[in-house]
Every structure is written in structure tokens, then in C-alpha cells.
Amino acid sequence: MWRLPRALCVHAAKTSKLPGPWSRPAAFMSTLLINQPQYAWLKELGLREENEGVYNGSWGGRGEVITTYCPANNEPIARVRQASVADYEETVKKAKEAWKIWADVSLEMGKILVEGVGEVQEYVDICDYAVGLSRMIGGPILPSERPGHALIEQWNPVGLVGIITAFNFPVAVYGWNNAIAMICGNVCLWKGAPTTSLISVAVTKIIAKVLEDNKLPGAICSLTCGGADIGTAMAKDEQVNLLSFTGSTQVGKQVALMVQERFGRSLLELGGNNAIIAFEDADLSLVVPSALFAAVGTAGQRCTTARRLVMDRPGNYVEPTIVIGLAHDASIAHTETFAPILYVFKFKNEEEVFAWNNEVKQGLSSSIFTKDLGRIFRWLGPKGSDCGIVNVNIPTSGAEIGGAFGGEKHTGGGRESGSDAWKHYMRRSTCTINYSKDLPLAQGIKFQ
Ligand code: NAD
């Protein structure tokens, strides 16, 4: 059995564990990558040396200026002026105003033209998916037990969806939330990770243009770049009708408690600690590349646990590492390392290894490799994997947008993207309509 770190990382370093921006050598500050000819494409995205990190129909920002860095070698890319709490409050007000228009508008959300790989492609895919989905969401008409009555389930938008995203998936996670929330009739307010503020600005510039070209209020898709202060304001704010949070279990727990305190709604996508189980009948030509893709393809790092970190060359890299000889329940193996570190265990039988898969606190993704049909169905069943993503003969990573994405236990229980994940973004009303001249009560009660 291999236990894998979460596999959706596109960032090579968790920069929050690196020296803070202000402690970097001054030489870095003078040579922003954005001014170098090979990075001219950054300007084509509308980015400048200093960028405003607040968008609510117009651009602004009165918070601190941060520099964003290339995670591989710490070179400064450009600067972003973050949101102040006053910017945040003004933006929520404008988004709420914009909702009055958006809730009544039916606009085909066009495909973003940028052809790319990975995350950007996923945003494009989810836009396509959401446009189709917008013609299919709705509730059933249920049979009423009362004569002359209709029982209808009506779904309405929640209003303002706050979206807080993690550094390691700085485009697609917003895309999953943004596209589905919008076709449900909601407006969005996004706060990405501070280390990926430039990406948040670049993506919002694309969306802002679509809205403005269609003469719609830009605040429909607002942005407040910022850190924990803005995130906390969103979590505590009763005007944020749904808070979708993607990030670590540790921060997610704080956010969940703040939202619960106000009886708000949250959608949590938190840490994972994912296992691949290879049985003796597994096809090794599938297992080996799958394990490699899922383990080494995961470039994200949590520096606190990267004990095998190699810094004998410039830059921030974790050497892919295989660890053997640990007990299956060693505390390090139960911790999401967020680095390409792979723990390998030998197991005796199916019952034992299914239990090992489930014994960690997280419950995101899991895979087995086998040709045994009975075992496959036991893996999918009540005594099989307890994860939100349960795979057979494919790696733990690389989910498709058509299915609901998310996990159980300390992964938070939320679901995003496909299937019926849209229900998170709407409120349900059960409506009973009496079209008769009588007033029969439910359960046949005679109230005399
Ligand atoms: P993080 O928890 O450090 O930060 C996530 C977001 O929370 C950032 O935008 C951050 O600014 C914000 N934040 C920080 N303090 C806050 C507070 N007090 N209130 C509100 N918001 C606050 O996570 P990270 O290091 O950026 O990302 C890595 C983690 O995210 C890993 O644990 C990874 O597994 C998880 N993740 C999960 C999924 C998923 O779909 N389950 C996807 C991507 C990442």
C-alpha cells in the first residue's frame, strides 16, 4: 500500500513557510520578472508591475502591497495591492447590489478562449458543463397526500457565494465554484491565497471583461485579494450566504466554526492523505506509472514535514522520496505531508488493508489495483473505502469534472464540480399549493 500526499499541486513550494516577502534580499525587488522579455505574456494577461487586488466593478485596493514570487527560485514576479477590511465591506455591498441584476439575467457563459493544460482547461471545461447544467437543475413535483394540492420543490440561489481558495490550485478551484454558483443565479466574491494573488487578478480581468462587454455589473464576480483578515471577515459575515473554503484541515476547522457560529452555510474541501493499494493480481504496468504520477506529480510541499528537503542547489525543491519500514499507523504517515514523499507498507490481507486505508483522519481519495471483481465491489461497498473518491485501477489523482469532487471526515464533507454538487449553491423550498376549495390537513387531522 502506498499512502500519497494530495495530488493536485501545481505550486512547487508552500511559500508561507519560506522567509516572508519583506525578508527577501533587496536585489530581488529591483528585477521583477514581469519586466523581462521572456515574461512579456504576463503583460498580455493585463498584469503590471503593481496590480490592484480588489475588483467590484472597478479596480482598487487600499491594503498592504505584497510581492509574489516564483516558488521555484524566489524571484519576484510583480506586486499586488491587497484588500483592506474597508475594501472588503464595500465589495460585499456592491456584490449584493449586483445580485439583484444577476438573479434575473440569463446569459450564456462562453468558453474561455485560452487553450491550455490542466487548471485553465478545467475552468474551460466546467464553464461548458455549467452552461449545459443550467438547463437541467430543478426540483421534482411530488404527489401530495391531500386532494387538490400540489407539492413542489423550488430551488433558488443563495445570493452571495464567498470563495476562499488554496495556493496549490489557484485557478481551477475558483472555476469549479464560480461557474456552478453563477448558473445557480448567485454572485461570487473570491479571495485566493496571497501567494497566488497575481493569478487571481489575471483570472478576474478575463471575467471582468466578459461582464463589462455584456453591460453587467462587474461586482457579479468580485475579488478581494488578502490573507487571513479578509478570510476571517468572510467567514464571520452574515451577508456571505455560502462560504466555499478550500485549504488545509487546520484552517478549514477555524473557518467552519466561524461560519457555524452564525448558522451560516459552508462547503469545505480540506486536506487529504490518499492511499493506493496494489493487490498481488494487480497489473504492474498500470500500478507503476499510476503511483509515479500520483506521488511525484504532486509537487506541493508542506515544509514542516519535508524532512528530506534537499537545498544543495538554488531554488525550493523536494527530492521525491520513498520511505519504507514505518508502521502503517505511524503519526507521520497519518499527516498530510504535501510533498512528494511516499510511504510504502506491506499488508497481509484485504480486510487489513481496507482498514488501513480508512484509519487516517482524512477521507479524500483512494485507489486499488486488482482484477478481482468481487474485491472491486467490496472496495466500493459499505466495508470498503470511506473516501469521497474511490478508484479502481487508476491513480488517486486526476478527477473528472463530471463527478462530484470532495471527501469525508477531516476533508470536510463538501462536494464541488459535477453531479448534484450544484445543490450546495442553492436553497430549497418545499412549496404546497392548494388549488381546491377545501382545507384538508396533512395526516388527515380534523381540527375542530
Ligand atoms: P491554507 O489552509 O493555508 O490556506 C487556504 C486559504 O485560507 C488561503 O486563501 C488563506 O489565505 C486562507 N486563510 C488563512 N487563514 C484564514 C482564516 N483564519 N480565515 C479564513 N481564511 C484563511 O491552505 P494552503 O496551504 O493554501 O493549501 C494547501 C491545503 O489545501 C492542503 O491541505 C490541501 O490538501 C488543501 N486542498 C484541498 C483541496 C480539496 O479539494 N480537498 C484542493 C486544494 C487544496
Side-chain angles (χ1 to χ4, degrees), residues 1-14 17-18 71-72 118 168-169 248-249 271-350 352-371 379 385 387 389-399 407 410-411:
M1 180 171 103
W2 285 268
R3 191 161 289 290
L4 307 176
R6 178 79 173 84
L8 290 173
C9 314
V10 293
H11 227 59
K14 181 166 179 181
K17 300 294 178 197
L18 296 170
N168 70 314
F169 218 148
S248 60
T249 295
N273 188 356
N274 317 309
I276 285 182
I277 302 168
F279 285 92
E280 64 287 346
D281 63 342
D283 181 343
L284 284 184
S285 69
L286 297 180
V287 177
V288 174
S290 295
L292 189 73
F293 169 61
V296 183
T298 305
Q301 302 162 26
R302 179 176 286 183
C303 296
T304 44
T305 50
R307 296 183 188 162
R308 309 294 291 270
L309 185 71
V310 181
M311 300 293 280
D312 65 347
R313 58 178 164 150
N316 308 307
Y317 298 93
V318 177
E319 185 173 302
T321 304
I322 294 176
V323 180
I324 53 171
L326 284 181
H328 64 90
D329 55 357
S331 64
I332 184 69
H334 280 221
T335 307
E336 185 195 33
T337 56
F338 227 52
I341 299 174
L342 193 59
Y343 305 105
V344 179
F345 309 101
K346 279 189 183 165
F347 61 91
K348 291 196 196 77
N349 56 49
E350 176 186 302
E352 175 182 72
V353 78
F354 284 8
W356 289 2
N357 177 74
N358 294 347
E359 72 184 3
V360 297
K361 299 270 190 205
Q362 306 88 344
L364 185 51
S365 186
S366 54
S367 304
I368 58 168
F369 284 76
T370 183
K371 298 189 187 95
W379 172 242
S385 171
C387 291
I389 295 169
V390 183
N391 293 337
V392 177
N393 295 330
I394 64 161
T396 47
S397 51
H410 286 210
T411 301

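- The local environment of NZ in K371 is crowded, with over 12 non-hydrogen atoms from other residues, nucleotides or ligands closer than 6.0 Å.
- In terms of heavy-atom proximity, S331 sits nearest to T335 at O-OG1, 2.8 Å.
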**Prompt:** Can Q362 and H334 be said to form a side-chain contact (heavy atoms from CB on, under 4.5 Å), step by step?
**Reply:** CA-CA 9 Å; Q362 306 88 344; H334 280 221; 5.7 Å; no

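- Listed for the T396 side chain is no donor-acceptor partner under 3.5 Å among the backbone atoms of S367.
- Checked against ring-ring contact (aromatic ring centres under 6.0 Å, His included), F369 has no partners two or more places apart in sequence or in another chain.
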**Audit row: T411, S365, side-chain contact (heavy atoms from CB on, under 4.5 Å) steps and yes/no** = CA-CA 10 Å; T411 301; S365 186; over 6 Å; no

**Item:** Worked check of side-chain contact (heavy atoms from CB on, under 4.5 Å) between T321 and L342
**Value:** CA-CA 6 Å; T321 304; L342 193 59; over 6 Å; no

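- Atoms CG and OG, from N358 and S385 in turn, are 5.5 Å apart once rounded to the nearest 0.5 Å.
- At distances below 3.5 Å, at least one donor-acceptor pair connects side-chain atoms of N349 with backbone N or O atoms of E352.
- A distance of 7.0 Å separates CD1 in I277 from CD1 in I368, rounded to the nearest 0.5 Å.
- Note that the CG atom of N273 and the CZ atom of F338 stand 11.5 Å from one another [nearest 0.5 Å].
- N274 places no side-chain N or O within donor-acceptor distance of the main-chain N or O of S366, the cut-off being under 3.5 Å.
- Judged purely by atom type and a 3.5 angstrom limit, E336 uses its side chain to pair as donor or acceptor with the backbone of G272.
- Scanning both residues, F345 and A333, for their nearest heavy atoms gives CZ-CB, 3.8 Å.
- Heavy-atom minimum distance, V323 versus I341: CG2-CG2, 3.9 Å.
- At least one donor-acceptor pair closer than 3.5 Å links the side chain of N393 to the backbone N or O of T370.
- Pairing each heavy atom of V287 with each of A278, the nearest pair is CG1-CB, 4.0 Å.
- Looking only at distances, no side-chain donor or acceptor of W379 sits under 3.5 Å from a matching main-chain atom of F354.
- In this structure a side-chain-to-backbone donor-acceptor pair under 3.5 Å is missing from H328 to F347.
- Taken to the nearest 0.5 Å, the OH atom of Y343 stands 13.5 Å off from the CD1 atom of I324.
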